[in-house]
Asks: 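What follows is a structure written as structure tokens; I'll ask about it next.
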Amino acid sequence: MPDITTIAAIATPAGQGGIGIVRLSGPQAFLVAQQVFRSHSGKKLSGQPGYTGLYGKVWDGDALLDEAVAFLYRAPKSYTGEDIVELCCHGGSYLTQAVLRACLHAGAVLAGPGEFTQRAFLNGKMDLTQAEAVMDLISAGSAQSARSALSLREGALSKKAEQITSDLITLSSHLAAWVDYPEEEIPEVTGQEIDGVLKKASAQLEELLSTYDTGHILKHGVETAIVGRPNVGKSTLMNALAGYERSIVTEIPGTTRDMVSDTVRLGEVTLNLWDTAGIRETDDPVEQLGVRLAKEKLSSCQLVLLVLDGSEKIMEEDLNLLVQMGEIPVITIVNKTDLGLPQNFDELKPRLGRTVFLSAKTGEGVRQLEEEITSLLHLKQVSGDSAVIMNERQRDCISRAAGFAKEALLAYEGGFTFDAVNVCVDDTIQQLLELTGQRVTDQVVHQVFSQFCVGK
Ligand SMILES: Nc1nc2c(ncn2[C@@H]2O[C@H](COP(=O)(O)OP(=O)(O)OP(=O)(O)O)[C@@H](O)[C@H]2O)c(=O)[nH]1
Ligand SMILES: [Mg+2]
């Protein structure tokens, strides 16, 4: 077995802060730390049990660097499963770098990206989806995304995958026994069992796959276009949502030409907002370009806010625009409610679909828009224990597993041998084991952890 190195890295963000942490992990963590840290009480680190903290000073050779508290964890009861020492000194970029350098002088090796979490994975402290969730937790930008990441961290996705795998393994072993020892007294595998297990697994896998969009939205935000005829108040709405004058607003129709974008947090959800040119027939070549851009943007959006001017009579052009949206989720916004609504909307409402009445100028009704978006994107259904797919790797594994489960079912229904069915069942199991990292190549492991920051 190769010698396991003792790694060190700064675990806190760069810049100034109250506390900066240099973390050491590996078999020599206590010995390395002991060379740079001398406790106030004279106690040696190497004699201390885990879960202890000692106050003292950090030295690089004879040079005093800082005062610090050393927190000690003994293997296997630590994040990585190895001995860990965390030197908590004052948080300044010079100081933390200097303390790190002292640790490297004392024999530690600089940690690679995600190496602490990678060691935790390799030492069985967490599976691959839980390790990925650590990164999602760190980068979570909203309460909802943090909640989903935490639920994955606690193993929600692993548990789901294990349930499905366990049923499939039982089926696979029955199939294999039946194929391999037909003359023995082995209970017959019933069609009911094969059909039942495979259909259930397929349904569970499809259900998991359907969470991908939610996970993506929570993590990356929703690509949202604000569209409508000129002068209906698109840019005013953009500014109301952004909380500052992001877009130019004038009473002249055709003000916005280029697309203006901003990232806006609206309640639980992050919107990547695009304010676009008012869509109309025009001879102005610049405005024509703007209209073209607006139409192109629509095709790549996950949500459209179609703005209408409620202070005027709704025009056929408005309704035509709505029809043009096709499959894209749309919320119709009847704007300028502060000016009064001359038209009776009762009859029109069914043609407008999901509608919110608001005044982008006064802000009245914006809160309702927030609720409408949350409900349209099904974000309310994400609870603390939901298993939501949070990245492409997870989706690929589950999607391949779902494909193989379907093939297994087709093979069974098509009257193929149990052997053939079992090959597909095994393929399904393999994909689920790759998802959790129980059976995974070094390449995949490397790929996952290379996306981490150093120090995590
Ligand atoms: N009273 C009232 N006026 C509004 C409201 N929203 C927008 N306006 C006014 O409507 C006019 C047009 O607003 P913009 O936000 O520039 O409209 P737009 O849809 O971006 O227009 P184009 O960029 O030309 O397509 C401006 O004079 C705004 O002040 C509203 O809620 N109430
Ligand atoms: Mg505008």
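Along the sequence shown, residues carry numbers from 1.
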Asks: Going by the rule side-chain hydrogen bond (donor to acceptor under 3.5 Å, both in side chains), which residues pair with Thr52 if we only count those two or more places apart in sequence or in a different chain?
Replies: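 Expected list: none.
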Asks: What I want to check is whether the side chains of Arg153 and Thr129 have a donor and an acceptor closer together than 3.5 Å.
Replies: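 Checked: Arg153/Thr129 side chains show no N/O donor-acceptor pair below 3.5 Å.
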Asks: Is it true that a side-chain atom of Arg74 and a backbone atom of Tyr51 form a donor plus acceptor pair closer than 3.5 Å?
Replies: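 Looks like no, no N/O pair under 3.5 Å.
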Asks: Taking salt bridge (charged side-chain N to carboxylate O under 4.0 Å, His left out) as the test, write out the residues that go with Glu193, two or more places apart.
Replies: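 Listed in chain order: nothing, the list is empty.
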Asks: Between Asn272 (side chain only) and His220 (backbone N and O only), is there a donor and an acceptor less than 3.5 Å apart?
Replies: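 Judged by distance alone, yes, a pair lies under 3.5 Å.
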Asks: Mark yes or no for whether Arg23, through its side chain, and Gly455, through its backbone, hold a donor-acceptor pair below 3.5 Å.
Replies: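 The answer is yes, because a donor-acceptor pair under 3.5 Å joins these two groups.
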Asks: Please enumerate all residues that pass side-chain hydrogen bond (donor to acceptor under 3.5 Å, both in side chains) together with Thr276, with sequence neighbours excluded.
Replies: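 Checked Thr276 against side-chain hydrogen bond (donor to acceptor under 3.5 Å, both in side chains); zero matches.
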Asks: Could you tell me whether the side chain of Asp83 and the main chain of Ala75 form a donor-acceptor pair under 3.5 Å?
Replies: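 Side chain of Asp83 to backbone of Ala75: a pair is present.
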Asks: Please output the side-chain donor-acceptor pairs of residues 99-114 that fall under 3.5 Å, not counting sequence neighbours, one pair per line with the distance.
Replies:
{"residue": "His105", "atom": "ND1", "partner": "Asp60", "partner atom": "OD1", "Å": "3.1"}
{"residue": "His105", "atom": "ND1", "partner": "Asp60", "partner atom": "OD2", "Å": "3.1"}

Asks: Within this structure, what is the CG-CZ distance for the pair Leu128 and Phe449, rounded to the nearest 0.5 Å?
Replies: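 Rounded to the nearest 0.5 Å, the CG-CZ separation comes to 5.5 Å.
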Asks: Please table the atom pairs, donor to acceptor, closer than 3.5 Å between any side-chain atom in residues 415-430 and protein atoms at least two apart or in another chain.
Replies:
{"residue": "Thr417", "atom": "OG1", "partner": "Ala420", "partner atom": "N", "Å": "3.1"}
{"residue": "Asn422", "atom": "OD1", "partner": "Ser172", "partner atom": "OG", "Å": "3.0"}
{"residue": "Asn422", "atom": "ND2", "partner": "Ser172", "partner atom": "O", "Å": "3.2"}
{"residue": "Asp426", "atom": "OD1", "partner": "Ser172", "partner atom": "OG", "Å": "3.2"}
{"residue": "Thr428", "atom": "OG1", "partner": "Ala405", "partner atom": "N", "Å": "3.4"}
{"residue": "Thr428", "atom": "OG1", "partner": "Cys424", "partner atom": "O", "Å": "2.7"}
{"residue": "Gln430", "atom": "OE1", "partner": "Arg439", "partner atom": "NH1", "Å": "3.2"}

Asks: Hey, could you give me each pair passing ring pair (Phe, Tyr, Trp, His ring centres under 6.0 Å) that has a residue in residues 122-146? Not counting sequence neighbours.
Replies: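 Residue pairs passing ring pair (Phe, Tyr, Trp, His ring centres under 6.0 Å), neighbours aside: none found.
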Asks: With sequence neighbours excluded, what pairs up with Arg265 under the salt bridge (charged side-chain N to carboxylate O under 4.0 Å, His left out) test?
Replies: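 With neighbours one apart ignored, the set is empty.
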Asks: With distance as the sole test, does Lys219 use its side chain to make a donor-acceptor pair with the main-chain N or O of Met390 at under 3.5 Å?
Replies: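 Present.
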Asks: How many angstroms lie between CG in Asp262 and CG in Leu271, if you round to the nearest 0.5 Å?
Replies: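 Nearest 0.5 Å value for the CG-CG distance: 10.5 Å.
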Asks: Please tabulate, for the side chains in residues 290-306, all donor-acceptor contacts under 3.5 angstrom to protein atoms that are two or more places apart in sequence or on a different chain.
Replies:
{"residue": "Ser299", "atom": "OG", "partner": "Glu296", "partner atom": "O", "Å": "2.6"}
{"residue": "Ser300", "atom": "OG", "partner": "Lys297", "partner atom": "O", "Å": "3.2"}
{"residue": "Gln302", "atom": "OE1", "partner": "Glu223", "partner atom": "N", "Å": "2.8"}

Asks: Would you kindly say whether Thr436 and Gln438 are connected by a side-chain donor-acceptor distance under 3.5 Å?
Replies: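 Yes - a donor-acceptor pair under 3.5 Å links their side chains.
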Asks: Please confirm whether the backbone N or O of Pro76 pairs with a side-chain atom of Lys125, one donor and one acceptor, at under 3.5 Å?
Replies: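 Checking the backbone N and O of Pro76 against the side chain of Lys125, a donor-acceptor pair under 3.5 Å is found.
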Asks: Taking Gln288 for the side chain and Thr282 for the main chain, is one N or O donor matched with an acceptor at less than 3.5 Å?
Replies: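 The answer is yes, because a donor-acceptor pair under 3.5 Å joins these two groups.
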Asks: Is it the case that Thr117 and Tyr79 place a side-chain donor and acceptor less than 3.5 Å from each other?
Replies: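 Judged by distance alone, the side chains do pair up.
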Asks: Please enumerate all residues that pass side-chain hydrogen bond (donor to acceptor under 3.5 Å, both in side chains) together with Gln118, with sequence neighbours excluded.
Replies: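 Not a single residue meets the side-chain hydrogen bond (donor to acceptor under 3.5 Å, both in side chains) criterion with Gln118.
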Asks: Looking at Thr224, Ile373, Thr374, which one forms a side-chain contact (heavy atoms from CB on, under 4.5 Å) with Leu266?
Replies: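 Only one of Thr224, Ile373, Thr374 forms a side-chain contact (heavy atoms from CB on, under 4.5 Å) with Leu266, namely Ile373.
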Asks: Just to verify, what does Gln16 make a side-chain contact (heavy atoms from CB on, under 4.5 Å) with, not counting sequence neighbours?
Replies: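 Checked Gln16 against side-chain contact (heavy atoms from CB on, under 4.5 Å); zero matches.
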Asks: Without swapping roles, check the side chain of Thr236 against the backbone of Ala360 for a donor-acceptor pair under 3.5 Å.
Replies: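 Not confirmed, Thr236 side chain does not pair with Ala360 backbone.
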Asks: With sequence neighbours excluded, tell me which residues meet side-chain contact (heavy atoms from CB on, under 4.5 Å) with Thr80.
Replies: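 By the side-chain contact (heavy atoms from CB on, under 4.5 Å) rule, Thr80 matches Ser25, Ser78, Glu82, Ile84, Phe116, Arg119.
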Asks: According to side-chain hydrogen bond (donor to acceptor under 3.5 Å, both in side chains), who are the partners of Lys456, at least two apart in sequence or on a separate chain?
Replies: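 Residues passing side-chain hydrogen bond (donor to acceptor under 3.5 Å, both in side chains) with Lys456: none at all.
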Asks: Counting only heavy atoms not in Leu289, do more than 12 fall under 6.0 Å of its CG?
Replies: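 Counting neighbours around CG of Leu289, more than 12 heavy atoms of other residues, nucleotides or ligands fall under 6.0 Å, so yes.
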Asks: Scan side-chain atoms only and decide if Ser148 and Ser151 contain a donor-acceptor pair under the 3.5 Å cut-off.
Replies: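 On atom types as modelled, these side chains do not qualify, holding no pair under 3.5 Å.
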